[in-house]
Each structure stands twice: as structure tokens, then as C-alpha cells.
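This is a predicted model, so every value here is computed, not measured.
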Amino acid sequence: MTKITLRKTRETRVRSGHPWLYASEIERVEGDQAAGIADIYSSKGTFLGRALYNPKSQISLRMLTMHDEPIDADFFARRIKTAWDYRKLFCDENSCRAIYGEADFLPGLVVDKFGDVLVMQVLSMGMEMWKGTLVDILAEVIRPAGIYERNDVPVRRLEGLEETTGLLYGTVPDRVEMRENGILYSVDVKQGQKTGFFLDQKENRAAIAPICKGARVIDMFCHNGSFALNAAQYGAREVTGVDISEDALVVARDNARANNLNVSFEAHNCFDLLRTLTERGEKYDVVILDPPAFTKTRQMTERALRGYKEINLRGMKLVPDGGYLVSCSCSQHVDDAAFINMLNEAARDSKHKLRMIEFRTQAKDHPILPASPETKYLKCAIMQVFE
């Protein structure tokens, strides 16, 4: 067993419940120097717990437990069962994130469930070493028809891992049917973005129901059209979805037809179209902005906020007096306070006033650890806009 001693005072964050320790926080490594399971000790020699160890990663230690307990197949089976029991209590079992990494005390493991298919991402070296065991446990606990690997994410290279995709268990079709909020979706689990569908906005999509009836709605950065389809289902009289990816819009149009929903999807650069629409004086009763993350690093936060301000300022100008703006950000490094401050600046510069109806975050299948800010990333502001 690898024994790792931390530098003085570095145990404070571990004891508070944060799951990560960085290479710079390690004083010395004794025993096996290879990646695997390590015992963690404070500088005073106090046992702190067991972690996944990867000497190749800046996040060298990912805490598994603060107890002196064996890390084996039974350990992972208990963790996966606990995570699945939580979903059965709070979530729709047919469309949910079944495992959310650190927030389910399984660092580096993400599993999404679409219908009877699981899509799995392994984002840490330690979890990669247990992948076969994890697949067996997931098959036994959740009993899917198939499990597909979507490890085609650049973050794996930071762990010294290759990007891979492929079938891990059972059978998985190219498109998987799934219902969310009563809408039928065809999910491209093999080629779609991330694991094929963004489940984290599920509850936020349902929350727009009161503002959609009879409304003219535009959904910018719509991807596969999920906000737009929800708006149409909730009684909007006209819905337009816009995304730069024609491939994403092919899926969006298929989803609209499958649900007999009248939504128009157009391929544009959303920044350019927002500018064009405001210059034309167009108005929409509801404007939805759900862009991809504008930054993956803390160093680029200010630049990201400028991008968010640009699209929100334009979005506010598209809304008539008393209309609604739904503004989202999935940039983890843009915190709630910075996001709200950006909205206020955009309102000031566009000569509008805002009334917050709801300030929401990710769905319950993406639980948040208060001790780990990294587990909270999604912001969704539903606002009324006044001139």
C-alpha cells in the first residue's frame, strides 16, 4: 500500500469534506510509487483516509473514504447502490445522471442513463483501473440493456489516459429513445456531445412552463432543441431554436417531429444572429440563452464574463416590456455572484430593469457537495425584463 504524508496544514480541506488533493500538497510518498490506492496521513502522522493516487496528475489524490476500510469490489458496489437509491428517490430513473463523480463519492466516474442504456465516462486514472469491476456492478445494480463508453474527452489526457469509445456491456443502438418531462428524445449516445444529452437542465426546462403559454420564444444555443421543445409543449405560439451545429439540429428536428411539436430550427452563429435581430428590432416574449461553457479555466473568467454580458445585453433588447429572459451558464469558474453581477451590468447598459423570478442550479441527479464548489457549476436565471 502506498503511504502519502501531506504538508503541514494541508489536511484541513480533506477534513472539511473536499475530495481533492494536489501534487503540491504532498510532503512525501512511501512504498509503491505507482498509481492506485493510497493511505493518506497528516504531517503529524494522523490517518486521514484512503484515496485514488495518480502521480501523473496535478490532482494527485481523489479521496474515497475517511475510514480505515478495504477498497474492493464490495466498496464500489455499496457506493453505486447508494447513488442509485438516491436517484430512485429523487429522479426519473429513465433519464438521469446515475453517477455524478465526486458528489457520489466516486471521484472521476460519470454515468448517464437514457432509457435502458448507460453511458459511462471514466475521468481519473484510479477509476480507470477499476473500470471492469465498475461495469459489472452497474450491470448488476441498474440492470441496463447496454453500457457504452464515451471516454473521448481531453481531460483524460491530464490523467495520462487515452481517449476511447466503445461498447462495454450488452447492446447499445446508435440512437436511444428517452422521455424527459414527457417529451420523447432520440439520444445520439455514440456521437453526440458529452454523453449525448444534457440532463442537468431537466428541472430548469420544466420551470419555464408558466411563461410559455401563447408566447413567441427563441432558444439560442439550442443544441438538440430541448428548451425549445419544452416551450412548445407548454403552449408557446411560435418557437425558434438556433444553434451553430447543423448536426445537432438534425437531431432537434427529428425530436420535434417525433413529438408532433411545431418548432423551427435554424443554423446560425448565435452571437451574430443576436446582433442582427436586435438591429432589426425583433421582439420575443421569451428569450432563452443556454450557451456552452465560455471558459474551462479560472484565468479566462473575465473574458467569459464579457461574452456572457454581450449575449445577455442583446437578449434583453429582444424582450418587450414585461417579457422574460432565461439565462444560463455552465461555466464552473463563473460563480453565482459574478453571474448575477454580469446580468446587472448588462441590464444597466441596455437600459433595462430585471426582476428575478427564480435563480436555479443543476437538477437533483447532479447533487452538490457544499465542501466542494467544483460540484456546483450550473446557473439558470429566470427573469422578467422591464424597460
Side-chain angles (χ1 to χ4, degrees), residues 35 52 62 64 71-157 159-180 184-200 202 224 226 251 362-367:
L52 299 172
R62 299 172 187 262
L64 287 172
I71 306 301
D72 53 18
D74 288 341
F75 173 88
F76 288 109
R78 290 193 302 272
R79 287 287 168 90
I80 288 173
K81 185 177 185 305
T82 297
W84 186 235
D85 286 345
Y86 168 89
R87 270 66 182 184
K88 289 191 287 186
L89 184 63
F90 289 108
C91 311
D92 178 356
E93 298 168 38
N94 291 308
S95 60
C96 68
R97 176 150 290 183
I99 307 288
Y100 179 42
E102 280 75 354
D104 282 306
F105 313 106
L106 290 163
L109 177 64
V110 172
V111 180
D112 284 345
K113 187 172 187 292
F114 307 114
D116 61 357
V117 166
L118 299 181
V119 182
M120 180 177 179
Q121 286 187 328
V122 181
L123 307 176
S124 68
M125 174 68 79
M127 281 296 172
E128 180 74 19
M129 297 170 72
W130 289 89
K131 186 168 72 174
T133 299
L134 294 169
V135 169
D136 292 342
I137 296 169
L138 288 166
E140 181 178 347
V141 172
I142 302 179
R143 299 192 177 280
I147 302 175
Y148 197 81
E149 175 181 30
R150 283 297 304 272
N151 285 327
D152 50 343
V153 284
V155 70
R156 278 174 60 91
R157 298 198 176 274
E159 289 282 307
L161 298 169
E162 294 183 355
E163 297 183 34
T164 59
T165 63
L167 184 67
L168 297 174
Y169 168 85
T171 58
V172 175
D174 291 341
R175 295 278 188 92
V176 177
E177 288 195 347
M178 172 201 77
R179 284 195 180 274
E180 181 197 88
L184 179 66
Y185 292 93
S186 176
V187 181
D188 183 358
V189 297
K190 296 182 180 179
Q191 301 293 331
Q193 289 188 37
K194 299 293 181 71
T195 61
F197 191 85
F198 298 107
L199 292 162
D200 50 5
K202 179 177 187 175
N224 289 346
S226 48
V251 179
Q362 61 236 42
K364 296 181 187 68
D365 56 357
H366 293 63

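Closest approach of K190 to V172, counting heavy atoms only: NZ-O, 3.1 Å. What you find for V122 and R156 is that their closest heavy atoms are O-NH1, 2.7 Å. Annotation for C96 and W84: closest pair SG-CZ3, 3.9 Å, computed over non-hydrogen atoms. Between L123 and V110, the shortest heavy-atom distance links the atoms CD1-CG2, 4.2 Å. The two residues D188 and D174 make their nearest non-hydrogen contact at OD1-O, 3.6 Å. Counting all heavy atoms, side chain and backbone alike, N224 lies closest to G196 at ND2-O, 3.8 Å.
Atoms CE and CG, on M129 and L52 in that order, are 9.0 Å from each other to the nearest 0.5 Å. Distance CD1/I80 to CZ/F75: 10.5 Å, rounded to 0.5 Å. In this structure, N151 CG and T164 OG1 are separated by 4.5 Å, a value rounded to the nearest 0.5 Å. Summarising the geometry, atom CD belonging to E177 is positioned 10.5 Å from atom CG belonging to D116; distances are rounded to the nearest 0.5 Å. Residue K81 holds its NZ atom at 13.5 Å from CG of D74, rounded to the nearest 0.5 Å. Atom CD of E149 and atom CG of L168 lie 4.5 Å apart (nearest 0.5 Å).
Of the possible polar contacts, none joining the R175 side chain to the V251 backbone as a donor-acceptor pair under 3.5 Å is found. In this structure, the side chain of S95 engages the main chain of R179 through a donor-acceptor pair within 3.5 Å. The main-chain N or O of P144 is never found under 3.5 Å from a side-chain atom of K113 such that the two would form a donor-acceptor pair. Formation of a donor-acceptor pair under 3.5 Å by the E159 side chain with backbone atoms of M125 is found in this model.
Remark: K202 pairs with D92 by the salt bridge (charged side-chain N to carboxylate O under 4.0 Å, His left out) rule, at least two apart or across chains. Annotation: side chain to side chain donor-acceptor pair (under 3.5 Å) contacts of R78 (sequence neighbours excluded): E69. In this structure Y185 satisfies the side chain to side chain donor-acceptor pair (under 3.5 Å) test together with N230, sequence neighbours excluded. Shown here are the side-chain contact (heavy atoms from CB on, under 4.5 Å) partners of T82, two or more places apart in sequence or in another chain: there are none. Residues passing the ring pair (Phe, Tyr, Trp, His ring centres under 6.0 Å) test with W130 are F76, sequence neighbours excluded.
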Check step by step if salt bridge (Lys or Arg N to Asp or Glu O under 4.0 Å) holds for K131 and E128. CA-CA 5 Å; K131 186 168 72 174; E128 180 74 19; 3.3 Å; yes
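Taking a 6.0 Å sphere around CD of E163, one finds it holds more than 12 heavy atoms contributed by other residues, nucleotides or ligands. Within a 6.0 Å sphere centred on CD of E93, other residues, nucleotides and ligands contribute more than 12 heavy atoms.
Residues Q121 and T195 have side chains that never bring a donor and an acceptor to within less than 3.5 angstrom of each other.
Here the side chains of E180 and L199 are in contact, with some heavy-atom distance below 4.5 Å. A heavy-atom distance below 4.5 Å is not found between the side chains of S226 and F198.
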Pairs of donor and acceptor atoms involving the side chains of residues 97-107, under 3.5 Å and at least two apart or interchain, shall be tabulated with distances.
| from | atom 1 | to | atom 2 | distance (Å) |
| --- | --- | --- | --- | --- |
| R97 | NE | D112 | OD1 | 2.6 |
| R97 | NH2 | D112 | OD1 | 3.4 |
| R97 | NH2 | D112 | OD2 | 3.0 |
| Y100 | OH | T375 | O | 2.8 |
| E102 | OE2 | W20 | NE1 | 2.8 |
| E102 | OE2 | R62 | NH1 | 3.1 |
| D104 | OD1 | R87 | NH1 | 2.8 |
| D104 | OD2 | R87 | NH1 | 3.0 |
| D104 | OD2 | R87 | NH2 | 2.7 |
| D104 | OD2 | Y100 | N | 2.7 |

